[in-house]
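Structure provided below as structure tokens; questions to follow.
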Amino acid sequence: MATIGRRTFVALGALAAAVPEGLRPARAQGRLQDAILRLNFTPWGMHAQYYAGLRQNIYRAEGINLEIRPAAAGQQNEVFIAAGREQFLVANADGYIKSRAAGLPVVAVMADQPDTPFSVFALRTTNISRPEHLRGKRITWFQSQVKGLLDPLLQSGGLTRNDITFLTVSRGAEVQMVAAGQADAGFGFSYGQPLTLEERGFPCNVMALKDFGVKFCGTSIVANEREAGRGDLTERFIRATMKSLIWTHANMDTAMNYVVEVAPDRVHALEVRKLRIIYEMYRSPDFAERFGRFDESKWASSVEYLAEGGDLQRKPTARELYTNQFVDRIEEAKQLSALVHGRPAS
């Protein structure tokens, strides 16, 4: 867990667990506690559970008046959480580790996806299907992304970053640029942009980082460190999110309706297809006993990739990046693990 106030963090967490639920502050008198969830992108399939939880009043049942906000363009979204202006963030691991290395007081409190979904994709018509094919090519890149994450894939093709050109683009523009041939390849989620391009008639070759031996964390729920230290709101948020994931598993079409309502440019059937792939990804050994549990060795490996690439102001320890204390005491984490692995609930 995060180094700042470590003993205080543990003590406060234990205290929150010891207080009977009915006596906790946000629910003591039937009052709702405001909270903001910032997304890592504009809404799409991977966010269905959050909108489902909002619309099905699952967060409200946990005493939370939740507001969901899309990613802020051109900004490191961890800054909002660190400042205490917002409480929770769906974070990509590369940007999150970079924020911890810069000293921002944020902490990962639940694994959203166990492995990195990042990939390099290119239209099949370009004949780019292996890392060595990227020599001299232009690849789309978000300003907040960490270039060191790409190094293992490049090295497997005998390349370095100097062998490619990074085209800085705004979120959402990468699909159009690849389709139009303004970029030779894109960097994004293996089940995201390539499937969108395929739906539009542009089938892609995909090189997923994890297929090149990259052991790197996936997306996470990140909280303000002080708020996580208090424990109560964070625990209720994670419990509600677990319940929302359980509900969404059985109601994907309805859950995606909620996403399309706020992002009408999304194609419902396509986003459901992406969501089914995500639920397959949940069948990970990391989530064998409890959904959302972090693997410390994966955090350590993730830090090494970014540190070796020169993308970190300092090298944080794996242990300061996360806590499993909430997932380890929430019963729904066991229920959701059994559900995604096809086991009877114990």
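Just the heavy atoms: all of them, side chains too, but no hydrogens, waters or symmetry mates, feed the values below. Owing to the predicted nature of the structure, the values given are computational and were not obtained by experimental measurement. Position 1 is the first residue of the sequence; numbering continues from there.
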Any side-chain donor-acceptor pair under 3.5 Å between S156 and R130?
->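 No, R130 and S156 have no side-chain donor paired with an acceptor closer than 3.5 Å.
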
Less than 4.0 Å between a side-chain N and a carboxylate O, is that true for D151 and R161?
->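 So R161 pairs with D151 through a salt bridge.
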
Which atom pair, heavy atoms only, marks the closest approach of V107 to A228?
->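 Closest pair (atom of V107, atom of A228, distance): CG1-CB, 3.8 Å.
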
Kindly state whether the ring of F189 and the ring of F41 have centres lying under 6.0 angstrom apart.
->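 Yes.
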
Does CD belonging to E289 count more than 12 external heavy atoms closer than 6.0 Å?
->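 At most 12 heavy atoms, drawn from other residues, nucleotides or ligands, come within 6.0 Å of this atom.
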
Kindly compute the distance separating OG1 (T317) from CZ (R314), expressed to the nearest 0.5 Å.
->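 CZ of R314 is found 7.5 Å from OG1 of T317.
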
For R236 and Q33, what are the C-alpha separation, side-chain angles and deciding distance, and is it a side-chain contact (heavy atoms from CB on, under 4.5 Å)?
-> CA-CA 11 Å; R236 286 185 284 117; Q33 188 170 1; 2.6 Å; yes

Output yes when R55 and E261 qualify as a salt bridge under the 4.0 Å nitrogen-oxygen rule, no when they do not.
->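 Looking at E261 together with R55, the answer is yes, because their closest N to O distance falls below 4.0 Å.
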
Output the distance between atom CE (M281) and atom CD (Q113), rounded to the nearest 0.5 Å.
->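 Reported to 0.5 Å precision, the distance equals 4.5 Å.
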
M256 backbone acceptor or donor facing H268 side chain under 3.5 Å |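 Checking the backbone N and O of M256 against the side chain of H268, no donor-acceptor pair under 3.5 Å is found.
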
Which distance, rounded to the nearest 0.5 Å, do you find between the CZ of R124 and the CG of L197?
->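 Interatomic distance, R124 CZ to L197 CG, rounded to 0.5 Å: 11.5 Å.
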
Give a yes or no answer on whether the side chain of N205 reaches the backbone of I128 with a donor-acceptor pair at less than 3.5 Å.
->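 Yes, because the side chain of N205 sits within donor-acceptor range (under 3.5 Å) of the backbone of I128.
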
Do the non-hydrogen side-chain atoms of V169 and W141 ever get within less than 4.5 Å of each other?
->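 Of all side-chain heavy-atom pairs linking W141 with V169, none is under 4.5 Å.
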
Of the non-hydrogen atoms in P131 and L159, which two are nearest, and what is the gap between them?
->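 Residues P131 and L159, closest heavy atoms: O-CD1, 3.1 Å.
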
Intermediate values then yes/no, side-chain contact (heavy atoms from CB on, under 4.5 Å), E271 and V260 = CA-CA 9 Å; E271 298 305 315; V260 174; 5.5 Å; no

Donor-acceptor pair, side chain of R100 and main chain of V106, under 3.5 angstrom =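 Judged by distance alone, yes, a pair lies under 3.5 Å.
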
Path from F88 to V259 over hydrophobic side-chain contacts below 4.5 Å =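 F88 and V259: one cluster.
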
So, does N77 use its side chain to make a donor-acceptor pair with the main chain of A72 at under 3.5 Å?
->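 Yes.
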
Any salt bridge between R329 and E235, counting N to O under 4.0 Å?
->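 Judged by the 4.0 Å cut-off on N to carboxylate O distance, R329 and E235 do form a salt bridge.
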
Please check if F287 and F326 belong to a single hydrophobic cluster, counting links between Ile, Leu, Val, Met, Phe, Trp and Tyr side chain heavy atoms closer than 4.5 Å.
->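 They do share one cluster, since a chain of ILVMFWY contacts under 4.5 Å joins F287 to F326.
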
Does V120 share a hydrophobic cluster with F202, counting links as ILVMFWY side-chain heavy atoms below 4.5 Å and allowing steps through other members?
->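 No.
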
For the side chain of T116 and the backbone of F118, is there at least one donor-acceptor N/O pair under 3.5 Å apart?
->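 Such a contact is found between T116 side chain and F118 backbone.
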
How about L233 and E227: do any of their side-chain heavy atoms sit closer than 4.5 Å?
->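 Side-chain contact under 4.5 Å: yes.
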
Could you tell me whether the side chain of T248 and the main chain of L245 form a donor-acceptor pair under 3.5 Å?
->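 Not at all, since once roles are kept as given, no pair shorter than 3.5 Å links the two residues.
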
Which class fits the ring pair W44 and H47: parallel under 30°, tilted 30 to 60°, perpendicular over 60°?
->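 Answer is perpendicular, since the angle exceeds 60°.
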
Considering non-hydrogen atoms only, spot the tightest contact between I139 and G186 and give its length.
->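 The answer is CG1-C, 4.0 Å.
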
So, R290 side chain and I330 main chain: donor-acceptor pair closer than 3.5 Å or not?
->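 Looks like yes, one N/O pair under 3.5 Å.
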
Measure the shortest side-chain to side-chain distance between F216 and D94 over non-hydrogen atoms and say whether it is less than 4.5 angstrom.
->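 Contact flag for F216/D94 side chains = yes.
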
With a cutoff of under 4.5 Å between side-chain heavy atoms, which Ile, Leu, Val, Met, Phe, Trp and Tyr residues group with I36?
->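 Joined to I36, directly or through intermediates: none.
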
Side-chain donor-acceptor pairs of residues 173-183 under 3.5 Å, sequence neighbours excluded:
| from | atom 1 | to | atom 2 | distance (Å) |
| --- | --- | --- | --- | --- |
| E174 | OE1 | G172 | N | 2.9 |
| E174 | OE2 | Q193 | NE2 | 2.8 |

Which atoms form the tightest heavy-atom contact between Y59 and S244, and what is the distance?
->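 Shortest heavy-atom separation between Y59 and S244 comes out as CE1-OG, 3.8 Å.
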
Cluster overlap L209 with I97, hydrophobic side-chain contacts below 4.5 Å =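 Same cluster.
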
Distance from D295 atom CG to C217 atom SG, nearest 0.5 Å?
->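 Going from the CG atom of D295 to the SG atom of C217 covers 7.5 Å.
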
Do F212 and L306 sit in the same hydrophobic cluster, where Ile, Leu, Val, Met, Phe, Trp and Tyr count as joined when their side-chain heavy atoms come under 4.5 Å apart?
->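 As far as the 4.5 Å side-chain criterion goes, L306 and F212 are connected within one cluster.
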
Can a salt bridge be assigned to the pair D115 and K210 using a cut-off of 4.0 Å between side-chain N and carboxylate O?
->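 Judged by the 4.0 Å cut-off on N to carboxylate O distance, D115 and K210 do not form a salt bridge.
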
F80 six-ring face occupied by R38 cation (under 6.0 Å, within 45°) |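 Yes, R38 lies over the aromatic ring of F80.
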
Quick one: pull up CE in M242 and CG in L336 and give me the separation to the nearest 0.5 Å.
->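 If I round to the nearest 0.5 Å, the distance is 6.5 Å.
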
Within-4.5 Å side-chain heavy-atom neighbours: E67 and E86 =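 E67 does not reach E86 side chain to side chain.
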
Kindly indicate whether the side chain of Q87, heavy atoms from C-beta on, has any atom under 4.5 Å from the side chain of N224.
->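 They are not in contact (no side-chain heavy atoms under 4.5 Å apart), so the answer is no.
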
State, yes or no, whether a side-chain contact exists between R276 and V272 at a heavy-atom distance under 4.5 Å.
->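 Of all side-chain heavy-atom pairs linking V272 with R276, at least one is under 4.5 Å.
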
Would you check, one step at a time, whether the test side chain to side chain donor-acceptor pair (under 3.5 Å) holds for R343 with S337?
-> CA-CA 8 Å; R343 301 191 309 265; S337 171; 3.2 Å; yes

Judged by atom type as modelled, is there a donor-acceptor pair below 3.5 Å linking the side chain of K298 to the main-chain atoms of P114?
->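 Between the backbone of P114 and the side chain of K298 there is a qualifying donor-acceptor contact (under 3.5 Å).
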
Between Y279, F291, Y282, which is the residue that forms a ring-ring contact (aromatic ring centres under 6.0 Å, His included) with H249?
->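 Considering Y279, F291, Y282, a ring-ring contact (aromatic ring centres under 6.0 Å, His included) with H249 is found only for Y279.
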
Between T196 and K274, does a side chain to side chain donor-acceptor pair (under 3.5 Å) hold up when you go through it step by step?
-> CA-CA 9 Å; T196 297; K274 295 175 183 178; 2.7 Å; yes

Do W299 and Y96 make the cut of ring centroids closer than 6.0 angstrom?
->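 When the ring centroids of W299 and Y96 are compared, they turn out to be within the sub-6.0 Å range.
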
Closest contact, heavy atoms only, S170 versus F142 |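 Minimum heavy-atom separation between S170 and F142: O-CE2, 3.8 Å.
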
NZ-CD1 distance between K243 and I238, expressed to the nearest 0.5 angstrom =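 Between atom NZ of K243 and atom CD1 of I238 there are 13.5 Å.
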
Would you check if the side chain of R69 reaches a backbone N or O of L39 as a donor-acceptor pair within less than 3.5 Å?
->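 Not at all, since once roles are kept as given, no pair shorter than 3.5 Å links the two residues.
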
Indicate yes or no for a side-chain donor-acceptor contact from N324 to the backbone of R293 under 3.5 Å, with no hydrogens or angles considered.
->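 Such a contact is absent between N324 side chain and R293 backbone.
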
Less than 4.5 Å apart, any side-chain heavy atom of I164 and any of L150?
->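 Counting from C-beta outward, I164 and L150 do come under 4.5 Å.
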
How close do G148 and D311 get, heavy atom to heavy atom, and via which atoms?
->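 Distance-wise, the nearest heavy atoms are N-OD2, 2.7 Å.
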
Note, E198 side chain near P194 side chain (heavy atom, < 4.5 Å) =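 The answer is no, as the side chains (C-beta and beyond) never meet within the 4.5 Å cut-off.
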
Before accepting this row, confirm whether a basic side-chain N of the pair K147/E308 lies closer than 4.0 Å to the acidic partner's carboxylate O.
->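 Salt bridge absent between K147 and E308.
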
L37 and side chain to side chain contact (heavy atoms under 4.5 Å, CB included): which partner among L89, L66, I81, T241?
->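 Among the candidates, only L66 passes.
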
